[in-house]
Amino acid sequence: MTHTLYSAYAEKIDAVLAALEAEGALPAGTNRANVSVEPPRDPSHGDLATNAAMVLAKPAATNPRALAEKIVEHLQRDPAIVSAEVAGPGFINLRLAPETWTSEVAAIADLGDDYGKSAMGKGTRVNVEYVSANPTGPMHMGHCRGAVVGDALASLLEHAGHEVTREYYVNDAGGQVDTLARSTHLRYREALGEDIGEIPEGFYPGEYLVPVGQAAAEEFGDRFQNEPEAEWLPLFRAFAVERMMEVIKSDLAMLGIKHDVFSSEAALQAAKKPEAAEMWMREHDLVYDGVLEQPKGKTLEDWEPVELPLFRSTKFGDDQDRPIKKSDGKWTYFGADLAYHMQKAENADALIDIWGADHAGTVKRIKAAVAAMSEGQSEEGRKPIPFDVKLVQMVQLLRDGEPAKMSKRSGNFVTIADMVEEVGKDVVRFTMLTRKPEAQMDFDFAKVVEASKDNPVFYVQYAHARICSILRKAAEEGIAPSGEQLDLLGEDELTLVKQAAQFPREVEAAARAREPHRIAFYLYDLAAAFHAFWNLGNDDSQKRIIVAQQPELSAARLFLAVQIGQVIRNGLGILGVEAVEEL
RNA sequence: GCGCCCGUAGCUCAGUCGGAUAGAGCAUCGGAUUCCUAAUCCGGAGGCCACAGGUUCGAAUCCUGUCGGGCGCACCA
C-alpha cells in the first residue's frame, strides 16, 4: 500500500473538482491532468498548495480567483483542513490539522524500514545495467560515478515498487581482451624468471598484472613459456579475465556494490545469440548488406568501401546505418550488444543502461535497435520494452588542479580502491550523488581527501548520530520514547515532522525521474531541519528534547527523534551510505 | 562540419511534469555553548539564472537562434 499523505489530499481536491463539475461550475470532462498538489516553497504559505483554479479558469470561462473561491468553499467542509485561502494569482493554500502530522509520526513508527516504500512500480521488472567496465584492469575513478549512480538508482527503483535486476555486461570478447591475454603472458614469462625489460607498445603496462602473471606461472608451470601464441591465447584470455573480474568485484564490494547477474559477451556469442538476432532483423528488413559512406569531418587514410551487414538505424534518427559485423566476419560491439539487449528484454519489463558520456555517440543506434525489436515483437503479440539510457557525464580528475590521466594503458590512474581507502565509501558515494549525473564534475583527488571532513555526508550522519546519542542519554535518565501523547508536540516539532513527511513523496518523484541524487539533497534538508530543532534547546532549555520536569513531553519528543532517525536511515539506505550511531 | 550534455552568487552545486520574493554549502563579515555531540545553529553581504527572440495568466525551467565549455563522430570498445 502506497503511503503518501500528499496523494491523499490530491484525491480530496480531485473529488472537489468532480463535485464542481456535477454542479456545473466546471464543464464536464475538463482535463484535470495539470492540477498539482504540493507543498508550497515558502512554508509560511501553508502546508499544501494547489494551482487548480489557475489551470482550470480558462475552461471554466471565469477568472482564477473566482473559481478558487468556489473550490475553497468545498474544501473548508473537510474537518482535517484547518484553513483554505486564496492567494496571489489564484493559488489555494491549505493548512492541515496538527493530528494529521502527529499521525504521520505514528505512521513512520508503524512502517519502520518500510516507510518511504511505494507500490508505484507495481512489481514490474526493471533491469538496470551499470558499471560494465572492460575486464582489463582494476576500476578507476572514471567508472565510479556510473557505478554509484546505477547502484543507487537500482535501490531507488526497488523502494518505488519495482523488481530490480542489477546486471553487469562483461566485454570479454573483443580485441582488448586479447591484449590483456598477451600482457598477462608477458608477466607470466617475467614470473618464470625472464627479463622482459620495458613493457612494449601495445601491451598493458600496469603493475596489477604482475600477480596475475605469477598466478599463471603457478597454474601452468613453464608449459607455455616459448609456445606460439595460438597455443595459449584462449587459455590466457579466460584465465586473465577471470582474475580481472575478481579484482573488479572486490573493488565494487569496497563501494558496497553487488550485481545480481554478470553476462558474458563471449558466452553470448558462443550461444549464437547474435546470429539469431541477425536472422530476426533480416526477416524484418532491419538489416541489409550495404556499403558505408566515408565519415565526414575526419580524414581516414586507409578508408575503403566494403560491403557489410548494416542495421537500418537511420530509420530511427541515427546519422548512418551501423554495421553489426566486421569485414573479418566477427561481430562488432554493436552487433553483439544488440543481441545482448534482446536477451535482457526476455526477462524484464523495462531496461535501463547507465553509460559514460564518452559512449553518447552510440545511444541512438542501440535505442533504435531496441525500438525496432520492440516494435517488431509487439506486432508478434509481445509487450514493447521501454528502454532508457542514462548518460553519466565525465568526471574530470584533477591532482592539485592539474588534469590527471586515467588510462589503463599508461597504468597511471586513481583507482577506486585508493579513493575508498583514503576517504571512505560513504564520502565517495555521497559525493557522486550530490549532483545531477548529466552535469560534468571535477574531482580533485587531493581536494576531496582534504575536504572530506566538510563533506555533506557527515552533516547527515551527524544528525543520525545525535539522535542515537540522545537516546543513550535518555536511557541513562530512565526516559523511554513514547508515542502515547504526541498531541504534546508543538509548532517547532511539527515543522520537523512536515519535512520528514515529504520522504515518501520524494522517493516516488526521484524514482519517476530516475534521479537518485534527489534523495541525497532531501536528506541534507531533513538533517538541517533536525539540527535547527536541536539548537532551539541551546537558547531555551525548555525546548530541549529531554526536559527533566516534563517526562511525557520528553517521551513524545524522543519518539519524534526516533522517527526522524528512521527516515534518515531509510534514505541513506537507498544511497548505500551507513547511518552511523556515533561520529 | 554533425550529434549529445552542460552554462544559476567569488567557488562547488540544488531548484518539484512551468508557479508566489531564485536557494544551500564553501569562502567572507557579525553573533550563539556553565546545560541533550559546536562536525551544530542564527544573522549580514553577495544574482541582467550565458545572450537574443518566441510560446502563456505565469519561464531559471518549454521552443528557436547565437556565444562559451565538455564528450563523441572506425568495421575500436
Side-chain angles (χ1 to χ4, degrees), chain A residues 33-34 36 38-42 45 49 51 54-55 57-58 63-64 87-91 93 134 136 171 173-177 265 292 294-298 300 302-303 306 308 317-320 322-328 330-335 337 356-364 391 393-394 396 434-442 447 451 453-456 458-459 461-463 465-466 468-474 477 502 505-506 509-510 512-513 517-518 520-521 524-525 527-528 530-539 541 544-547 554 557-558 561 582-583:
Chain A
N34 289 327
S36 70
E38 48 193 35
R41 287 202 176 142
D42 182 347
H45 289 144
N51 62 353
M54 290 186 291
V55 175
K58 197 178 264 184
N63 72 69
F91 285 101
N93 292 328
N134 285 339
T136 53
N171 301 132
Q176 83 282 2
V177 286
E265 183 183 358
L292 285 177
Q294 179 153 16
K296 297 190 179 74
K298 221 185 173 186
L300 298 171
D302 55 351
W303 188 88
V306 193
L308 294 167
D318 203 355
D319 314 330
Q320 180 174 71
R322 303 292 175 175
I324 59 170
K325 258 185 197 171
K326 300 187 257 183
S327 51
D328 65 1
K330 289 183 181 165
W331 297 100
T332 60
Y333 180 84
F334 171 63
D337 204 26
D358 50 343
H359 290 80
T362 64
V363 170
K364 270 189 185 166
L391 285 181
Q393 285 295 318
M394 296 284 101
Q396 158 115 348
T434 38
R435 51 215 72 209
K436 56 180 179 219
E438 64 269 25
Q440 299 156 230
M441 69 183 282
D442 288 349
K447 223 171 175 177
K453 286 193 286 299
D454 291 328
N455 196 288
F458 295 120
Y459 185 84
Q461 287 180 321
Y462 184 41
R466 270 184 155 174
C468 296
S469 161
I470 194 80
L471 285 171
R472 289 191 294 266
K473 179 84 178 171
E477 299 187 14
Q502 305 284 329
R505 203 179 151 264
E506 212 61 53
R512 205 175 294 121
H517 74 275
R518 291 196 194 190
F521 284 99
Y524 190 88
D525 290 342
F530 181 76
H531 287 309
F533 175 65
W534 174 285
N535 273 275
L536 292 173
N538 285 339
D539 297 332
S541 60
R544 284 198 233 153
I545 293 172
I546 301 174
V547 182
S554 301
R557 283 181 178 165
L558 277 171
E582 276 178 279
L583 213 59

Checklist entry - How far, in whole Å, is B:G15 from B:C6 if one measures between their P atoms? => result 12 Å
Checklist entry - Contact class for A:Gln440 vs. all strands (heavy atom < 4.0 Å): base, sugar-phosphate, or nothing? => result base
Checklist outcome for this item: Re B:G30: Watson-Crick or G-U wobble partner, both distances kept under 3.5 Å, found to be B:C42
Checklist entry - Taking CZ from A:Arg466 and C1' from B:U33, how many angstroms apart are they, rounded to a whole number? => result 11 Å
Next on the checklist: On a heavy-atom basis, which atom in A:Arg518 and which in A:Ala513 lie closest, and how many Å separate them?
Outcome noted: NH2-CB, 3.6 Å
Checklist entry - Where the side chain of A:Thr332 is concerned, which of B:A77, B:C76, B:G69 is the nearest nucleotide? => result B:C76
Item to check | Span that lies between the P atom of B:G47 and that of B:G23, in whole angstrom | outcome: 14 Å
Checklist entry - Taking CG from A:Asn455 and P from B:G25, how many angstroms apart are they, rounded to a whole number? => result 15 Å
Checklist entry - Looking across every strand, which nucleic acid part, if any, lies under 4.0 Å from A:Lys330 by heavy atom: base, sugar-phosphate, or nothing? => result nothing
Checklist entry - Want to settle it: does A:Arg512 or A:Ile470 sit nearer the 5' end of RNA chain B, counting the closest nucleotide to each? => result A:Arg512
Checklist entry - For B:G1, which nucleotide in any strand shown is its Watson-Crick or wobble partner with both distances under 3.5 Å? => result B:C73
Checklist entry - Tell me, do A:Arg557 and A:Val547 make a side-chain contact under 4.5 Å, heavy atoms counted? => result yes
Next on the checklist: Quick check: do A:Phe458 and A:Pro456 have side-chain heavy atoms less than 4.5 Å from each other?
Outcome noted: no
Next on the checklist: Heavy atoms only, 4.0 Å cut-off, all strands: where does A:Asp454 land among base, sugar-phosphate and nothing?
Outcome noted: nothing
Next on the checklist: So A:Gly537, base contact, sugar-phosphate only, or nothing? Heavy-atom distance under 4.0 Å.
Outcome noted: base
Checklist outcome for this item: With the side chain defined as heavy atoms from C-beta on, A:Arg435 is closest, among B:C75, B:A14, B:G19, to B:A14
Checklist outcome for this item: Side-chain contact check for A:Arg505: nearest option of B:G19, B:C36, B:U16 is B:U16
Checklist entry - Does B:A77 have A:His359 stacked on its base, where the ring centres are within less than 5.5 Å and the planes differ by under 30°? => result yes
Item to check | A:Phe533 CZ to B:C42 P, straight-line distance once rounded to whole Å | outcome: 14 Å
Checklist entry - More than 12 foreign heavy atoms under 6.0 Å from NZ of A:Lys326: is that the case here? => result yes
Next on the checklist: Can you tell me which nucleotide in B:C75, B:A77, B:C6 comes closest to the side chain of A:Tyr333?
Outcome noted: B:A77
Checklist entry - Heavy atoms under 4.0 Å, any strand shown: does A:Thr434 hit a base, just sugar-phosphate, or nothing? => result sugar-phosphate
Next on the checklist: In whole Å, I'd like the distance from the CG atom of A:Leu583 to the C1' atom of B:C36.
Outcome noted: 16 Å
Item to check | Atom pair CG (A:Leu292) and CG (A:Leu308), whose distance is rounded to the nearest 0.5 Å | outcome: 6.0 Å
Item to check | Phosphate OP1/OP2 of B:A38 contacted by A:Trp534 side-chain N/O (<4.0 Å) | outcome: yes
Checklist outcome for this item: Considering only heavy side-chain atoms of A:Lys364, the closest of B:C42, B:G3, B:C6 is B:G3
Checklist entry - C1' atom, B:G69 versus B:G30: distance in rounded Å? => result 38 Å
Checklist entry - Could you state the CD-P distance from A:Gln461 to B:U40, rounded to the nearest angstrom? => result 13 Å
Checklist outcome for this item: On a heavy-atom basis, the closest approach of A:Asn93 and A:His45 is CB-O, 3.1 Å
Checklist entry - Nearest to the side chain of A:Lys326 - B:U40, B:A77, B:U16? => result B:A77
Item to check | Sugar-phosphate, base or nothing in reach of A:Gly175, heavy atoms under 4.0 Å | outcome: sugar-phosphate
Checklist entry - Rounded to whole angstroms, how far apart are CG on A:Asn63 and C1' on B:U56? => result 17 Å
Item to check | Assigned partner base of B:A50, Watson-Crick or wobble definition, under 3.5 Å | outcome: B:U66
Item to check | pair A:Tyr524-A:Thr434: side-chain heavy atoms closer than 4.5 Å | outcome: no
Item to check | Interatomic distance where CD belongs to A:Gln502 and P belongs to B:A14 [whole Å] | outcome: 20 Å
Next on the checklist: From the set B:C5, B:C42, B:A14, return the single nucleotide nearest to any side-chain atom of A:Ala532.
Outcome noted: B:C42
Checklist entry - For A:Pro39, does its backbone N or O pair with a side-chain atom of A:Gln502 as donor and acceptor, under 3.5 Å? => result no
Checklist entry - Among B:U40, B:G3, B:A14, which is the nearest nucleotide to the side chain of A:Tyr459? => result B:U40
Checklist entry - Hey, does A:Glu477 reach any base, or is it just sugar-phosphate, or nothing, if we go heavy atoms under 4.0 Å? => result nothing
Checklist entry - How far apart are the closest heavy atoms of A:Ala360 and A:Leu391, and which atoms are they? => result CB-CD1, 3.6 Å
Checklist entry - Which distance, rounded to the nearest 0.5 Å, do you find between the NZ of A:Lys473 and the CD1 of A:Ile545? => result 12.5 Å
Checklist outcome for this item: Side-chain atoms of A:Tyr524 come closest, of B:G19, B:C36, B:A24, to B:A24
Checklist entry - Is there ring stacking between A:Phe91 and B:A20, where the centres must be under 5.5 angstrom apart and the planes under 30 degrees? => result yes
Checklist entry - For A:Arg41, which contact category applies under a 4.0 Å heavy-atom criterion: base, sugar-phosphate, or nothing? => result base
Next on the checklist: Both distances below 3.5 Å, Watson-Crick or wobble geometry, any strand: find the nucleotide opposite B:A60.
Outcome noted: none
Checklist entry - Counting any heavy atom closer than 4.0 Å, what does A:Asn93 reach on the DNA or RNA strands: base, sugar-phosphate only, or nothing? => result base
Checklist entry - How is A:Pro323 classified with respect to the nucleic acid when contacts are heavy atoms under 4.0 Å: base, sugar-phosphate, or nothing? => result sugar-phosphate
Item to check | Who pairs with B:A24 - Watson-Crick or G-U, where each distance is under 3.5 Å | outcome: B:U12
Next on the checklist: Just to be sure I understand the rule, does A:Ala474 reach a base, reach only the sugar-phosphate, or reach nothing, if contact means heavy atoms closer than 4.0 Å?
Outcome noted: nothing
Next on the checklist: I want to check one thing: is the phosphate of B:G7, taken as OP1 and OP2, less than 4.0 Å away from some side-chain N or O of A:Lys436?
Outcome noted: yes
Checklist entry - Side chain of A:Ala357: nearest nucleotide among B:G15, B:C71, B:G19? => result B:C71
Next on the checklist: Taking only the C1' atom of each, what is the distance from B:G46 to B:C26 in whole angstrom?
Outcome noted: 14 Å
Checklist outcome for this item: Rounded to whole Å, CG of A:Asp42 lies from C1' of B:G19 at a distance of 13 Å
Item to check | Nearest-angstrom distance, P atom, B:G54 to B:A60 | outcome: 15 Å
Next on the checklist: Can you work out whether A:Ile546 or A:His531 has the more 5'-proximal nearest nucleotide on RNA chain B?
Outcome noted: A:Ile546
Next on the checklist: For the C1' atoms, the ones on B:U61 and on B:C17, what distance do you get once it is rounded to whole angstrom?
Outcome noted: 11 Å
Checklist entry - NA contact type, A:Ala513, heavy-atom cut-off 4.0 Å: base, sugar-phosphate, or nothing? => result nothing
Next on the checklist: Roughly how many Å apart are B:C2 and B:U64, using the P atom of each and rounding to a whole number?
Outcome noted: 15 Å
Checklist entry - Taking the same atom, P, in B:U8 and in B:C62, what whole-Å distance lies between them? => result 15 Å
Checklist entry - Which part of the nucleic acid does A:Ala57 contact within heavy-atom distance under 4.0 Å: base, sugar-phosphate only, or nothing? => result nothing
